[in-house]
J.: 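Here it is: the structure, laid out below.
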2 protein chains.
Amino acid sequence: MLNDRKKRILQLIIEDYISTAEPVGSRTIARKYDLGISPATIRNEMSDLELLGYLEQPHTSAGRIPSAQAYRFYVDSLIEPGSLTDNDMALINSWYKERRRNIDDIFQSTAKILSRMTQNVSMVLANKDAGAVFRYIKFLPLDSSHAILCIVTDDGNVDNCVVEIPLGMRPEEMDYLAGRISRVLEGKELSEISDELLSALHMDVAEDKVLFTSFLQAIKRMSRKQNEQRVFLGGTKQLLNQPEFRDVERVKSLLGILEEEKVVRDLLVAGEDSGLKITIGTENKFTGIQDCSMVQATYRLNGKIVGTMAVLGPTRMEYGKVITVMDYLHKYLKTMFEQDKE
Amino acid sequence: MLNDRKKRILQLIIEDYISTAEPVGSRTIARKYDLGISPATIRNEMSDLELLGYLEQPHTSAGRIPSAQAYRFYVDSLIEPGSLTDNDMALINSWYKERRRNIDDIFQSTAKILSRMTQNVSMVLANKDAGAVFRYIKFLPLDSSHAILCIVTDDGNVDNCVVEIPLGMRPEEMDYLAGRISRVLEGKELSEISDELLSALHMDVAEDKVLFTSFLQAIKRMSRKQNEQRVFLGGTKQLLNQPEFRDVERVKSLLGILEEEKVVRDLLVAGEDSGLKITIGTENKFTGIQDCSMVQATYRLNGKIVGTMAVLGPTRMEYGKVITVMDYLHKYLKTMFEQDKE
DNA sequence: GTTAGCACTCTAACAAAATGAGTGCTAACA
DNA sequence: TGTTAGCACTCATTTTGTTAGAGTGCTAAC
């Protein structure tokens, strides 16, 4: 175990490196922070820390930089929970207000805020199947051969699509059909509406084949859309602010990864179970981001996973700040969702 | 006027520079392209072209690069209309098919394709007010105190929002109200639905204040939403492939501009009138992109501007390819939209 | 256990020199 | 009159050499 002084020195080195991105030497520590010990003593301690695997030297005559192990220790034991400045909070509030029309906007804003506040790439995964329950369907006439099929769910969402009306079908008949279908599906969660259920329904109302086929497609598509996990990215531009990414090639390779929505989704889904998850360097399973760190927070509503947000950046990341911001956003989202439910 | 040989040499220089991004010297031209004349002769011609303002030298002992004037001349007189390879066309088709669920997806795909094919940033502006006409509104009951207000337009779009129902109002009453409002607004283009019209309506059905206020907000929002011009960006990553943007700072500054949706919108709207518009270097009015070129094509349907697409990149741009791709996309979109209408 | 002193290491910054691609000019040639 | 070979000249880029500075490790003294 590390003694208190070693811990303190390690912490200072890590934090100094996080903020400057320069290897930090014994003199720097002694000068910047008043520890009451000389550079030589610090050197000795640093030497020990290196032996223990917490520090690394890019080359003999440079200062030292924290190893992945050091960051791990830092986030596990050293980090102190911070709090946002009033300024930051005001900024967040204004960003959320800027554009808020539907749920997607909220997620998009979250991604944006997360990246702006942390100067890193952010990812937000929205699980849309947050338990929307089927209420009823309704046909709205459009013209002689088309109608709009509206599917109403209890969260107040309406999805709609244009369907073709079988020749000669009267509005009353369509209402009747809608009623029958509605009665069967009412109260089911959209994700529950399975193929079997639909085919059973098919048997039941088989007399109107054409219309029913349209309906089938619509409900399936809607169910898929509702179930769909959507990914929102933010701050790919912030990447360029990090000295680690001064080299265009590195930027390109990371952006290449982020471009693949599937990869990002997998990445996020993999870390969904735990509340707060920090993976550092090679702890990341995905090749290509093994020189990066990722902080991920999953948020739930009534026990269900609503979504997950993450910040991806160089291992030299402001973990404390990231966590603090995420925590705030988490709370913010919670109240927003609860408000929506009401 | 330039004689044929000068034109030819200028063309070769421009095309060589476009593909290599390196200043091109007289030897290069003589070696690469068999013109039957010696480097010395080419040098003389180049010297003339420089005097005429078509070529520039970064420094005395470098080759020459085309000036903005040269590019202007190139796109006006020298460029030969190309055609896409089968491979390219197949690629485009597959990209369009990849994800096509609604009109936004089509625009997004267009932006993506445009950037992929040209290795530059692409921008697509979608004018959504393509003449949607109000049909009727309908209230769908949700629970005892809420209903969903659906606004149906003749293009088969339904917009909806949740409204609060005044205490004790019965469904029949709501239907009656919906009918009255519908009759007044029917046949109007959404963009026509002005404040005056709405206030007149207000007088008319003033008995149900609360509900009507909700409705007012909804229709206004919808009208705004329909009128809204949406911007789709593509290929901010391709930027990094251009040697001009090897410097991170330049990337940052351009991305900064593109990030401002308003700026991009203004930029695109400004060039909307003409069919195909190419602005080179300082011809661009917007500061910050004056070392870039922009190729913009506006597409119409039945005389109305549906949208506009543009490619933004270094002046050293494959103008021919860009134009060819845009032309193809233009046709592709046209058939797609006409199909949709049918 | 702590610290001052010192030799040693290695990078980054700077300067000087070599390299080479390309030009402009002149004189000769067809 | 247009074209070309030859050659001196220019200037960015690359290479090489040098220096300054930050930092270390070790030792001996406190």
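Every chain is numbered from 1 and lettered A, B, ... according to where its sequence line falls, protein lines coming before strand lines.
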J.: For the pair made of CD1 in A:Ile29 and C1' in D:dA22, what is the distance, rounded to whole Å?
T.: 14 Å
J.: Between B:Ser293 and B:Tyr319, do the side chains contain an N or O donor and an N or O acceptor separated by less than 3.5 Å?
T.: yes
J.: Partner lookup for D:dT27, please. Criteria are Watson-Crick or G-U wobble with both distances under 3.5 angstrom; report none if nothing qualifies.
T.: C:dA4
J.: Please state how far atom CD in B:Glu50 lies from atom P in C:dC25, giving the value in whole angstrom units.
T.: 11 Å
J.: Calculate the interatomic distance between A:Met46 atom CE and D:dG25 atom P; express it in whole Å.
T.: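 Atom-to-atom, A:Met46 to D:dG25, this comes out as 9 Å.
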J.: What residues from residues 35-45 of chain A pass a heavy-atom cutoff of under 4.0 Å to DNA chain C?
T.: A:Gly36, A:Ile37, A:Ser38, A:Ala40, A:Thr41, A:Arg43, A:Asn44
J.: Can you tell me the distance, in whole Å, between the CZ atom of A:Arg31 and the P atom of D:dA22?
T.: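 Those two atoms, CZ and P, are 8 Å apart.
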J.: Is there a donor-acceptor pair closer than 3.5 Å between any side-chain N or O of B:Asp266 and the backbone N or O of B:Val263?
T.: no
J.: Check whether the side chains of B:Gln119 and B:Asn241 place a donor and an acceptor atom closer than 3.5 Å, and report yes or no.
T.: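 Present: a donor and an acceptor within the cut-off.
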J.: Check this one for me: any side-chain N or O of A:Arg64 less than 4.0 Å away from OP1 or OP2 of D:dA22?
T.: no
J.: From the options C:dG22, D:dG23, C:dG24, select the nucleotide whose nearest atom is closest to the side chain of B:Ser61.
T.: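 Shortest atom-to-atom distance from the side chain points to C:dG22.
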J.: Rounded to whole angstroms, how far apart are CZ on A:Arg5 and C1' on C:dG1?
T.: 8 Å
J.: Determine: side-chain N/O of B:Ser47 to OP1/OP2 of C:dT23, distance under 4.0 Å, yes or no.
T.: no
J.: Can you tell me how far P of D:dG25 sits from CG of A:Leu49, to the nearest Å?
T.: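 That distance rounds to 12 Å.
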J.: For the side chain of B:Arg250 and the backbone of B:Phe245, is there at least one donor-acceptor N/O pair under 3.5 Å apart?
T.: no
J.: Which comes earlier along DNA chain D counting from the 5' end, the contact point of A:Val24 or that of B:Thr60, where each point is its nearest nucleotide?
T.: B:Thr60
J.: Between A:Arg64 and A:Glu56, does any side-chain N to carboxylate O distance fall below 4.0 Å?
T.: no
J.: How would you list, by chain and number, every residue that makes a salt bridge (Lys or Arg N to Asp or Glu O under 4.0 Å) with A:Lys252, sequence neighbours excluded?
T.: A:Glu249
J.: Distance check needed: D:dT24 P versus A:Glu56 CD, whole Å only.
T.: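 That distance rounds to 15 Å.
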J.: Determine, for B:Glu260 against B:Arg265, whether the closest basic-nitrogen to carboxylate-oxygen distance falls under 4.0 angstrom.
T.: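 A salt bridge is absent here (no side-chain N lies under 4.0 Å from a carboxylate O).
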J.: CZ of B:Arg27 versus P of D:dA5: gap in Å, rounded?
T.: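 After rounding, the reported distance stands at 11 Å.
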